[in-house]
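Report on the structure given below.
Computed from a prediction, not measured in an experiment: that's the story for all the values here. Below, chains carry the letters A, B, ... as their sequence lines are ordered, and counting in each starts from 1.
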There are 2 protein chains.
Amino acid sequence: MNHLEQLRYLILAAQREGNRVLQQELAPLGLTPAQSEALRILGENESLTLTGLGEMLVCESGTNPSRLVDRLVISGLVRRNPGSGDRRQIELSLTESGREMEVRVRAIEAQLYELMAGALPDPSVMDMIRALKTITAGSPSGIALTRRIGSATEVTKP
Amino acid sequence: MNHLEQLRYLILAAQREGNRVLQQELAPLGLTPAQSEALRILGENESLTLTGLGEMLVCESGTNPSRLVDRLVISGLVRRNPGSGDRRQIELSLTESGREMEVRVRAIEAQLYELMAGALPDPSVMDMIRALKTITAGSPSGIALTRRIGSATEVTKP
DNA sequence: TGTCATAAGATGACACAACATACAATCCGA
DNA sequence: TCGGATTGTATGTTGTGTCATCTTATGACA
């Protein structure tokens with residue numbers, strides 16, 4: 001098996017493992033990893049539209065996350081508000097319960113990152129980030145992530 | 001967004017992007033990436049059982065790939081043979097058409113690896129492999145990959 | 001040898017993930 | 001301003017991906 005093939009499968013395996021761990025921790029909250037990603041994004045961005053959310057989701061990049069939001073609405077974590085202005089749009093916002101859940105999600109993710117920090121030395125992390133950025137540059141998921149990072153730094157800026 | 005969070009999403013994005021490219025190339029053959037992985041494994045291992053195949057699949061690690069095989073059988077690429085010995089088992093083998101398809105899949109994967117080679121310098125690949133191995137060590141997908149690499153080297157050995 | 005735990009495979013259920021299509025609201029150019 | 005293109009959302013379809021459960025065959029042990 002050549003090195004690049006091995007790398008491809010290792011990336012798949014790492015993704016699966018991260019998801020598996022996250023899923024185990026999120027299950028008691030009745031959440032899936034995809035739902036938690038949406039919650040985090042909605043926690044950081046006030047009144048996104050459905051398309052706006054879809055453009056920041058790394059999972060489900062490309063299509064609109066209508067059904068993902070359906071389940072969050074059913075769970076009482078998200079509200080669909082009629083768009084101000086354009087009547088085709090909806091504006092998404094976290095409910096009170098959704099905001100509480102988002103805090104718990106953050107704590108669970110922090111646990112995962114501690115686990116990763118224990119397994120990976122810092123410089124190795126920076127190297128991987130650089131390499132993976134070149135791989136994903138220009139791809140739908142890569143663009144989604146860039147948009148998301150962009151919006152996150154906006155929030156932390158003064 | 002902290003570095004490990006970014007790494008987690010980059011791994012997800014890289015996996016999605018690899019899948020997307022592969023899917024585009026495989027679609028004309030009527031195959032999905034998961035199906036192509038199974039074909040490749042069955043091409044390298046004679047008369048695996050369903051569980052045996054499942055233990056080498058990085059995608060779908062954990063459960064048995066009964067339904068994945070269903071579709072390959074329907075497409076006429078794989079045969080389910082009654083197990084010799086244990087009557088609960090089935091033994092999987094590629095049909096003639098399956099063997100041809102597996103050759104074409106190999107060519108398509110080779111294209112993808114050329115694409116990756118163009119984007120990633122060699123030492124960076126080796127670094128990532130080392131880092132990702134530590135992340136996936138002991139996980140179901142990581143174990144599946146180890147098993148698969150093990151069986152592949154067996155084949156190329158004298 | 002009878003019985004009970006275990007293993008292989010199939011299948012039901014639910015949630016993605018990616019494609020396509022449908023429908024209504026908006027936009028834009030003649 | 002009218003009519004067609006475009007956009008935002010919803011939904012149908014197919015194929016995973018994961019968990020749970022079922023059936024049958026095997027194995028182990030009293």
Side-chain angles (χ1 to χ4, degrees), chain A residues 12-13 15-24 26-28 30-38 47-55 57-75 78 80-92 139-141 144, chain B residues 12-13 15-24 26-38 48-55 57-75 78 80-92 139-141 144:
Chain A
L12 176 56
Q15 189 271 321
R16 285 272 192 284
E17 175 61 6
N19 229 51
R20 197 183 61 82
V21 171
L22 207 54
Q23 179 174 339
Q24 269 185 351
L26 288 172
L31 284 180
T32 66
Q35 290 168 8
S36 77
E37 189 184 353
S47 41
L48 273 179
T49 66
L50 197 60
T51 308
L53 172 61
E55 284 172 345
L57 281 169
V58 179
C59 76
E60 199 126 351
S61 53
T63 39
N64 76 48
S66 178
R67 279 174 279 224
L68 180 56
V69 168
D70 273 354
R71 289 179 207 102
L72 292 171
V73 170
I74 290 172
S75 308
V78 168
R80 275 188 167 101
N81 308 306
S84 54
D86 193 328
R87 264 186 306 167
R88 287 171 305 180
Q89 294 182 344
I90 59 172
E91 278 170 10
L92 302 170
S139 78
S141 323
Chain B
L12 175 55
Q15 190 271 320
R16 284 267 192 289
E17 176 59 8
N19 228 51
R20 196 182 63 81
V21 171
L22 207 53
Q23 180 175 338
Q24 268 186 352
L26 288 171
L29 306 188
L31 283 180
T32 65
Q35 291 168 8
S36 77
E37 189 184 354
L48 273 179
T49 65
L50 197 60
T51 309
L53 172 61
E55 284 172 345
L57 282 169
V58 179
C59 77
E60 198 127 349
S61 53
T63 39
N64 76 47
S66 178
R67 277 173 282 223
L68 179 56
V69 168
D70 273 355
R71 290 182 205 98
L72 292 171
V73 170
I74 289 172
S75 309
V78 167
R80 277 190 166 100
N81 308 306
S84 54
D86 193 328
R87 264 185 306 165
R88 286 170 306 180
Q89 295 181 342
I90 59 172
E91 279 169 11
L92 302 169
S139 77
S141 324

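Summarising the geometry, the separation between CG on A/D86 and P on C/dT26 is reported as 5 Å, rounded to the nearest angstrom. Rounded to an integer number of Å, the gap from CG of A/L22 to C1' of D/dT18 is 15 Å. Atom CG in B/L31 sits roughly 18 Å away from atom P in D/dT14 (whole-Å rounding). B/L50 places its CG atom 16 Å from the P atom of C/dA7, with the value rounded to the nearest Å. Going from atom CG of A/L12 over to atom P of C/dA17 covers 13 Å, rounded to whole Å. For the pair A/D70 CG and D/dT11 P, the computed distance is 7 Å after rounding to whole Å. A straight line from CG of B/L68 to C1' of C/dA17 spans 16 Å, rounded to a whole angstrom. Between the CG atom of A/L53 and the P atom of D/dT9 there is a distance of 10 Å, rounded to whole Å.
In the set D/dT11, C/dA17, C/dG9, the nucleotide with an atom closest to the side chain of B/Q89 is C/dG9. Closest to the side chain of B/R71, out of D/dG15, C/dA10, D/dG17, is D/dG15. Of the candidate nucleotides D/dC19, D/dG17, C/dG9, D/dC19 has the atom nearest to the side chain of A/Q23.
Counting distance only, with no hydrogens placed and no angle test, the side-chain atoms of A/R87 and the base atoms of C/dA25 include no donor-acceptor pair under 3.5 Å. With hydrogens and angles ignored, no donor-acceptor pair under 3.5 angstrom links the side chain of B/R88 to the base of C/dA8.
The closest side-chain donor-acceptor pair between A/E91 and A/S84 falls under 3.5 angstrom.
Place B/T63 and A/E91 on DNA chain D by their nearest nucleotides, and A/E91 ends up nearer the 5' end. Looking at which nucleotide of DNA chain D each of A/G52 and A/N19 is closest to, the 5′-most match is held by A/G52.
Residue contacts for A/T51: at a heavy-atom cut-off of 4.0 Å it reaches the sugar-phosphate backbone alone, with no base atom in range. No contact: A/G54 has no heavy atom under 4.0 Å from any strand. Nucleic acid contact class of A/R67 (heavy atoms, under 4.0 Å, all strands): base.
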**Request:** May I have the step-by-step check of side chain to side chain contact (heavy atoms under 4.5 Å, CB included) for A/R20 and A/Q24, ending in yes or no?
**Result:** CA-CA 6 Å; A/R20 197 183 61 82; A/Q24 269 185 351; 3.8 Å; yes
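Within the 4.0 Å cut-off from OP1 or OP2 of C/dA17, not a single side-chain nitrogen or oxygen of A/S61 is found.
Residue B/P65 is tested with B/L92, B/L53, B/L72 for a side chain to side chain contact (heavy atoms under 4.5 Å, CB included); the sole match is B/L53.
A distance-only check finds a donor-acceptor pair linking the side chain of B/E37 to the backbone of B/V58 [under 3.5 Å]. A distance-only check finds no donor-acceptor pair linking the side chain of A/S61 to the backbone of A/L57 [under 3.5 Å].
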